[in-house]
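Letters A, B, ... are given to chains in the order of the sequence lines, protein chains preceding strands, and every chain is numbered from 1.
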Protein chains: 2
Amino acid sequence: MAGRIAAVSIVEAVASDLRTRIFAGELGSGESLTESEVASTYDVARPTAKASIEKLVAEGLLDRGTHKTARVVDLGPESVRDIYLARAYLESEVLRRLARTGDVPEAAVQANRDIAALQSGAPLDVIEPDMRFHTSLIDAVGNERISRMYRSLVGEVRLCMVRVQSLQLLDTALIQAEHQRILELIEAGQGEAAAALLDEHLGRARERLVAAMGGTPGPEAEQPSGLLPQ
Amino acid sequence: MAGRIAAVSIVEAVASDLRTRIFAGELGSGESLTESEVASTYDVARPTAKASIEKLVAEGLLDRGTHKTARVVDLGPESVRDIYLARAYLESEVLRRLARTGDVPEAAVQANRDIAALQSGAPLDVIEPDMRFHTSLIDAVGNERISRMYRSLVGEVRLCMVRVQSLQLLDTALIQAEHQRILELIEAGQGEAAAALLDEHLGRARERLVAAMGGTPGPEAEQPSGLLPQ
DNA sequence: GCCCTATGATTGTCTAACAAGTACACATGA
DNA sequence: TCATGTGTACTTGTTAGACAATCATAGGGC
């Protein structure tokens, strides 16, 4: 499959590129984006640029008030907690449901395999397969709205990760091992245990992000306890 | 409080009125809304009308593809199930959390009082306080993103209800009694029982809506079992 | 030093227009 | 008859340029 053709609108194309640049860290937190700037950068009309910006605002990637210039959102520690708790909210319940049938979604297995295949590349590289692991679990319940809601969080989550990309907060091997264990617990029908491990998994990431942003981390930031075998 | 001043943009004003008309059933399912129509109706420029329409599309109230006229969404039985299961997903977990602390949000109590105060008015009248009851429970957990996600469902839920407004699927007294019982269970710290009752509450509404839309209802459509006292 | 005004930058909205796409009816061909 | 092509009307996508309203900042007056 050599890249399917994409006949998207100009608005979507511009929004997509801006998104990429934000995720790549090229547009840092708090950076301003005027409509005219975007318009001239991409050589489009201002209304088109405006529509693109509004799209990203709706996604939570940009922030703007009436008559004010849009800025890349600057997530504080409280927002990080808010985002991660909302994630855990959705995901833990998903794990319980999946454990009831014991189905392990193939896409999640593959995503975790991709994480394992990473050889100490750039720390940024783990983000994509990590995200894919979590989204594929969500998608496995087959509820369109739940998937949609989760995706509205994913943009902000990535933003968090970009912000602290260079800080090496996450140990790839640990991430991979915990994912693996979660999948095993699902297969074994142990939903509560899977949810508990997920809470630890997300809680640790959350509190380390908080600490890295200058907030005071909770106890979840510590190293993993005995939930993983040996 | 005599109607607070609203200095919103024209786009928002138009979108808001369209929303009201959709919720009031004035714009029925499948009805088309061209940009020029909207523009001339409200005497605004077409780009403004376009933006309003796109806002409603993002909310899930309108449906449209590229170069195609926007239409009021026509929710089928599968969508109704999807929406209600997503609701239950969020709400049941909320009840468990609220039960842990035993806090009963005052806004929910008030909303249910408003339902009780309804005297056999139009069947449509119960929708607003009913929604308010559920949203106030969600808001009580204090997570901005979860509240936002829930609100993205509310629009579609109301759409369902409008569609079957005249069918009298819901007995106001029963709704009110179940709400009351849910609040009691939260206060008593019985989160699981509250979640179970909520599931029954939503499941019944869901399957009756499905039946009313021509789908084949599940067993949840039946009268309430013994979960309520006497 | 502080408050107020003036200027510039930016956004909100409009008009007008053209390009491009969709949908439907119609005619043409096998 | 059915499938295919064509054409026209309608609708949306995008642009250009303009003006008003608002925000931010710098400068002057006290």
Can you measure from [atom1] ([X]) to [atom2] ([Y]) and round to the nearest 0.5 angstrom?
X	Y	atom1	atom2	value
B/L198	B/I182	CG	CD1	5.0 Å
B/K55	B/E12	NZ	CD	4.5 Å
B/I115	B/E128	CD1	CD	9.0 Å
B/Q110	B/S136	CD	OG	10.0 Å

Among D/dT12, D/dT14, D/dT22, which is the nearest nucleotide to the side chain of A/I10? D/dT14
Measure from the side-chain heavy atoms of A/A45 and tell me the nearest of D/dT11, D/dG13, D/dT15. D/dT15
Once you measure the plane-to-plane angle for B/H179 and B/H201, does it fall in the parallel (<30°), tilted (30-60°) or perpendicular (>60°) bin? perpendicular
Note: B/D63-B/R71 ion pair, threshold 4.0 Å (strictly below): no
Rounded to the Å, how far apart are B/L33 CG and D/dT12 C1'? 14 Å
Starting at CD of B/E35 and ending at C1' of D/dT14, how long is that distance when rounded to a whole Å? 11 Å
B/E207 side chain to B/Y84 side chain, donor-acceptor N/O pair below 3.5 angstrom: no
Is the closest side-chain donor-acceptor distance between B/Y89 and A/N143 under 3.5 Å? no
Numerically ordered, the residues 46-62 of chain B set in heavy-atom contact under 4.0 Å with DNA chain D is B/R46, B/K50
Taking the nucleotide of DNA chain D with the nearest heavy atom to each, does A/H67 or A/D43 sit closer to the 5' end? A/D43
Comparing B/T34 and A/T66 on DNA chain D - which has the more 5′ nearest nucleotide: B/T34
5' to 3' on DNA chain C, which nucleotides open and close the contacts with chain A (atom under 4.0 Å from a heavy atom)? C/dT10 to C/dT13
